[in-house]
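Heads up: the structure comes next, in structure tokens.
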Amino acid sequence: MGEAYDVIIVGARCAGSPTAMLLARKGFRVLLLDRATFPSDTVSTHVVQPLAVAALARWGLLDRLTATGCPPIHTFTFDFGPFTIAGAPGTAQAPVAYCPRRTILDKLLVDAAAEAGAEVREGFAVDQVLVEDGRVVGVAGHSRDGEMFEARASLVVGADGRTSHVAEAVKPQQYNERPPQLAAYYAYWSGLPMDGRFETYVRGDRGAAAAETHDGLTLVIAGWPNAQQEANRRDVEGAYMGALARAPAFAERLSAARRETPFAGAAVPNYFRKPYGPGWALVGDAGYNRDFITAQGINDAFRDAERLAGGVGEALGGARPFEAAMADYQQARDAQVASMYDFTCELATLAPPPPERAQLLGAIAGRQWAMDGFAQMNAGTIPPAQFLSPQNIAAIMAGAAAPG
Ligand SMILES: Cc1cc2nc3c(=O)[nH]c(=O)nc-3n(C[C@H](O)[C@H](O)[C@H](O)COP(=O)(O)OP(=O)(O)OC[C@H]3O[C@@H](n4cnc5c(N)ncnc54)[C@H](O)[C@@H]3O)c2cc1C
């Protein structure tokens, strides 16, 4: 190879493909590389929150997703044992979530990038980030059939996930880091209809959740504090079924269902990375990662892909200096997720809520406007800083009607 592009994007899933699609739609010459081929799976559950669904609609891709027969999710339930909070996670414009298999969602995104004019190379692994005079100028690597390649661009985007090779090469500043808190495993079950609900169960230091995906299958995930992982990894099935047994009504439904797949699992670190520098940028998990307990990764990846494509478009088009556009990208990302990051890291400990929080949860239950707000906060539709503001908490505790 050796061709020149405006942008090379490494990684073609939830962050990379939308970034490539949006830049190609602006007329830039984009090369999108992934060592994987599509369709293919990845270790991740896949609740796509209402705001991410709204992004798919904005990009003209939602009809393609709904055409795959993925059932919509209109209600999130949070079962704490003594009471359950059940609310609507979205907005009037974006009312539902979906839980599409990554084999289907990621393929749809890669195809949209190719359709927009990006050159897509599947089965191409980047082994090296090329740097000249302190500036990233391209990548080199190999294809599945052993062909070596090299490509150059004004900008290399690392959309290559948590173990980002691009980030490893450019060594960005990493900040506000927190270690993995939660270990969880999931599998797909048949015969477990969900009727449009994403159900969450909180039982002491165990958490579980279930959502329906394609082909009549339901994803069921269960987890425990990562500190207990060493003991539990020897008997994943026992630990998983033990967690679910703490919610007897759900366990009974499960006993009538059938597990169709082996378990997959993970525990992930939490971090922010500075997402840009000379000749490079990061998007998706490569630049920012938070525990999966709040299922925000795809939503974050879509939003940041859109922001990055906007900033890169301005910089490459000469409307703004790269540094200024990327500083805004970083600032907007960090401000947007600040309270969700703290909320997520706290939830992921599975520690019992402090007494005031427990009281608040009890007061939310049964009051529909507050339950909708709680579901929206957990979905990332509104920030935790808004739902947990002193004013909103006071209104909930006072048993008020919906604040006007
Ligand atoms: C257990 C678990 C459950 C989760 N549940 C949810 C959920 O319910 N909802 C949600 O929104 N998010 C969830 N997430 C988070 C979500 O999976 C991620 O945030 C999302 O996948 C990030 O997308 P990405 O494109 O940044 O990275 P990835 O999806 O990790 O994609 C990176 C791509 O880069 C490619 N790549 C890497 N290195 C190279 C290289 N050197 N050369 C070429 N290609 C390369 C890989 O092949 C891969 O295809 C979960 C995560 C985990 C671990």
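In what follows, every heavy atom counts, from backbone to side chain, and hydrogens, waters and symmetry copies are set aside. All residue numbers refer to positions in the sequence shown, counting from 1. In listed order, ligands and their atoms are each counted from 1. It should be emphasised that the depicted structure is a prediction, and the values quoted were computed from it without experimental measurement.
- Residue G117 comes nearest to A24 through the heavy atom pair C-CB, 4.1 Å, listed as atom of the first residue, atom of the second, then distance.
- Ion pairing between R178 and D342 holds under the 4.0 Å rule for side-chain N and carboxylate O.
- The backbone of Q296, and not its side chain, has at least one atom closer than 4.0 Å to an atom of ligand 1 (non-hydrogen atoms only; backbone = N, CA, C, O).
- Heavy-atom proximity to atom 10 (C) of ligand 1, evaluated over N289, V110, N299, I298, is greatest for I298.
- Atom 41 (N) of ligand 1 has V126 O, 2.9 Å as its closest protein atom, hydrogens excluded (heavy atom only).
- Separation of the F263 and Y186 ring centroids does not fall under the 6.0 Å cut-off.
- Of the charged side-chain nitrogens involved, none lies within less than 4.0 Å of a carboxylate oxygen, so that E119 and R29 do not count as a salt-bridged pair.
- Atoms of ligand 1 lying under 4.0 Å from at least one heavy atom of G11, given by number and element, are 33 (C), 34 (O), 35 (C).
- Contacts with ligand 1 closer than 4.0 Å are made by backbone heavy atoms (N, CA, C, O) of A159 only, the side chain lying farther away.
- If you number the atoms of ligand 1 from 1 as listed, the ones under 4.0 Å from a heavy atom of A125 come out as 42 (N), 43 (C).
- When non-hydrogen atoms are compared, ligand 1 lies under 4.0 Å from the side chain of R102 (C-beta onward) but not from its backbone.
- Residue contacts with ligand 1 include R290, since one of its heavy atoms falls under 4.0 Å from the ligand.
- Counting the atoms of ligand 1 from 1 in the order shown, those under 4.0 Å from a heavy atom of H46 are 7 (C), 8 (O).
- Protein heavy atom nearest atom 48 (C) of ligand 1, with residue, atom name and distance: D34 OD2, 3.5 Å.
- Residue D285 has at least one nitrogen or oxygen atom sitting less than 3.5 Å from a nitrogen or oxygen atom of ligand 1, judged on distance alone.
- Checked by distance only, ligand 1 and Y186 stay at 3.5 Å or farther apart across all their nitrogen or oxygen atoms.
- At least one N or O atom of A15 sits closer than 3.5 Å to an N or O atom of ligand 1.
- Under 4.0 angstrom from ligand 1, there are no non-hydrogen atoms of Q128.
- Between H165 and ligand 1, a contact under 3.5 Å exists for no N or O pair.
- Between the CZ atom of F272 and the CG atom of L282 there is a distance of 14.0 Å, given to the nearest 0.5 Å.
- Checked by atom type and distance alone, the side chain of R246 never pairs as donor or acceptor with a backbone atom of G207 at under 3.5 Å.
- Counted by atom type alone, Q174 and E177 present one or more donor-acceptor pairs between their side chains at under 3.5 Å.
- Not one N or O of F292 is nearer than 3.5 Å to an N or O of ligand 1, by distance alone.
- Side chain of H46 to main chain of C99: a donor-acceptor pair is present (N/O by atom type, distance under 3.5 Å, no hydrogens or angles).
- The option from V47, T45, V268 that lies nearest to atom 4 (C) of ligand 1, judged by heavy atoms, is T45.
- Aromatic pair Y271/Y288: centroids not less than 6.0 angstrom apart.
- At a 3.5 angstrom cut-off on N or O pairs, G297 counts as close to ligand 1.
- With respect to R203 and D79, a salt bridge is recorded, a charged nitrogen being found less than 4.0 Å from a carboxylate O.
- At a heavy-atom distance under 4.0 Å, only backbone atoms of V43 (N, CA, C or O) approach ligand 1.
- Remark: R253 engages E199 in a salt bridge, criterion side-chain N to carboxylate O under 4.0 Å.
- By the 4.0 Å N-to-carboxylate-O rule, R152 lies close enough to E132 to be salt-bridged with it.
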